[in-house]
Amino acid sequence: MSLSFENKVAVVTGAGNGLGRSHALLLGSRGAKVVVNDLGGSGAGEGSDATVAETVVAEIKAAGGDAVANGDSVTDGDKIIQCALDTFGGVDIVVNNAGILRDKSLHKMSDSDWDMVYEVHLHGAFKVSRAAFTHMREKGFGRFVMTTSAAGIYGNFGQANYSACKLALHGLSQTIAIEGRAKGIASNTIAPIAASRLMGTVMDENAMAQLSPEAVSPLVAWLCHADCDATGQLFEVGAGWISRVRWERSLGEYFADGFGPDDVAAAWDKINDFTDATRPRHTGDTMKAIATNPKRKK
Ligand SMILES: NC(=O)c1ccc[n+]([C@@H]2O[C@H](COP(=O)([O-])OP(=O)(O)OC[C@H]3O[C@@H](n4cnc5c(N)ncnc54)[C@H](O)[C@@H]3O)[C@@H](O)[C@H]2O)c1
């Protein structure tokens, strides 16, 4: 079996380096026409360099593929999608991957550390996705991949800005999955781990040597393929390992009307007991749990 992306147009943001470059090369080698977007700034989001995206386009073309360079910031997402429409006549796949880091512990984090990380990761992904979604709806097909992080799923010291935006990307993905379902549009989230210039700031050289971006891209490509019907899901991926992550909810405790903090304290063990835990999948599962409270007056 050889999964093909012939006749598909893929936009990969932040594709000039690291993971994005690897995703773009793989999709390009499988026949996708690729918009290689990259602002070309520093790992902290300063400056720009048009040659960063152009270099990856040259690599894709040298391997026999088709690609165009785009140097806009993801905060101008509509321009990136317009580039796909002008060059290749459509957009089928969006990999929201562009990212920067401005790590500081919370009490030292400036407004600009927060704002810059928000702008690139969350606002940028929103701008690119909204512009693409409009065209995908008309066409009846689309695939999104959002890039979160273990720091987003679990939190990480010194990354309040990054972890907040990263988990929010999964929220965005889950809603795109719901809004896009009837129009053939799927959206999933990956939490990758790979050696890159961003990780160089938080990992030592030994650990970096184990992790190649090329071990993340096969999952991205599969999630972008028409044959893959996964949507709204979250995966951890890296170093030859791929795993799905989902929510788990304890059975909890029900309280009668007028309950107070002492009742909560008394039921604390039961609230935290994951025996026979359930796996809620949508907001309806929350409403169902609330509606079945046996201790409330009808
Ligand atoms: N490397 C990892 O282990 C790891 C772990 C978790 C999450 N991630 C996420 O994966 C993604 C890729 O990271 P990477 O490790 O390959 O880093 P990287 O620095 O090698 O690549 C990120 C790219 O995004 C580009 N970029 C930054 N701001 C941009 C903007 N405003 N518009 C367009 N492009 C912009 C950069 O120029 C860079 O080329 C990021 O979202 C990162 O948060 C990476």
### Message
Distance alone, cut at 3.5 Å: any donor-acceptor contact between the side chains of Ser173 and Thr189?
### Response
yes
### Query
Could you go step by step and tell me if Ser110 and Asp113 meet the side chain to side chain donor-acceptor pair (under 3.5 Å) rule?
CA-CA 5 Å; Ser110 68; Asp113 291 330; 3.0 Å; yes
### Message
Apply salt bridge (charged side-chain N to carboxylate O under 4.0 Å, His left out) to residues Glu59 and Arg21 and explain how you reach the verdict.
### Response
CA-CA 10 Å; Glu59 286 183 89; Arg21 172 179 167 275; 2.7 Å; yes
When you check the gap from the basic side-chain N to the acidic O, do [X] and [Y] get nearer than 4.0 Å?
X: Asp257; Y: Arg296; result: yes
X: Lys270; Y: Glu253; result: yes
X: Glu54; Y: Lys61; result: no
X: Glu119; Y: Lys127; result: no

### Task
Establish, yes or no, whether the cationic atom of Lys183 lies under 6.0 Å from the six-membered ring centre of Phe133 and within 45° of the ring axis.
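Verdict for Phe133: no cation-pi partner in Lys183.
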What are the two closest heavy atoms between [X] and [Y], and how far apart are they?
X: Ala267; Y: Phe255; result: CB-CZ, 3.7 Å
X: Thr231; Y: Ser187; result: OG1-N, 3.0 Å
X: Ala168; Y: Leu122; result: CB-CD2, 3.5 Å
X: Ala125; Y: Asn96; result: CA-OD1, 3.6 Å
X: Ala164; Y: Trp114; result: CB-CH2, 3.7 Å

### Task
Run through Val220, Ile242, Leu234 and flag the one making a side chain to side chain contact (heavy atoms under 4.5 Å, CB included) with Ile190.
Val220
Report yes or no: does [X] contribute a side-chain atom to a donor-acceptor pair with the main-chain N or O of [Y] at less than 3.5 Å?
X: Ser22; Y: Gly18; result: no
X: Asp66; Y: Lys33; result: no
X: Arg102; Y: Ala44; result: yes

### Query
Between Tyr118 and His123, how do the two ring planes meet: parallel, tilted or perpendicular, split at 30° and 60°?
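The rings of Tyr118 and His123 lie parallel, inter-plane angle below 30°.
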### Message
For a side chain to side chain donor-acceptor pair (under 3.5 Å) check, start with the C-alpha distance between Ser196 and Asn17, then their side-chain angles and the critical distance, and finish with the verdict.
### Response
CA-CA 8 Å; Ser196 73; Asn17 286 293; over 6 Å; no
### Query
Hey, what do you get for CZ (Arg143) to CG (Leu223), rounding to the nearest 0.5 Å?
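The CG atom of Leu223 is 9.5 Å from CZ of Arg143, to the nearest 0.5 Å.
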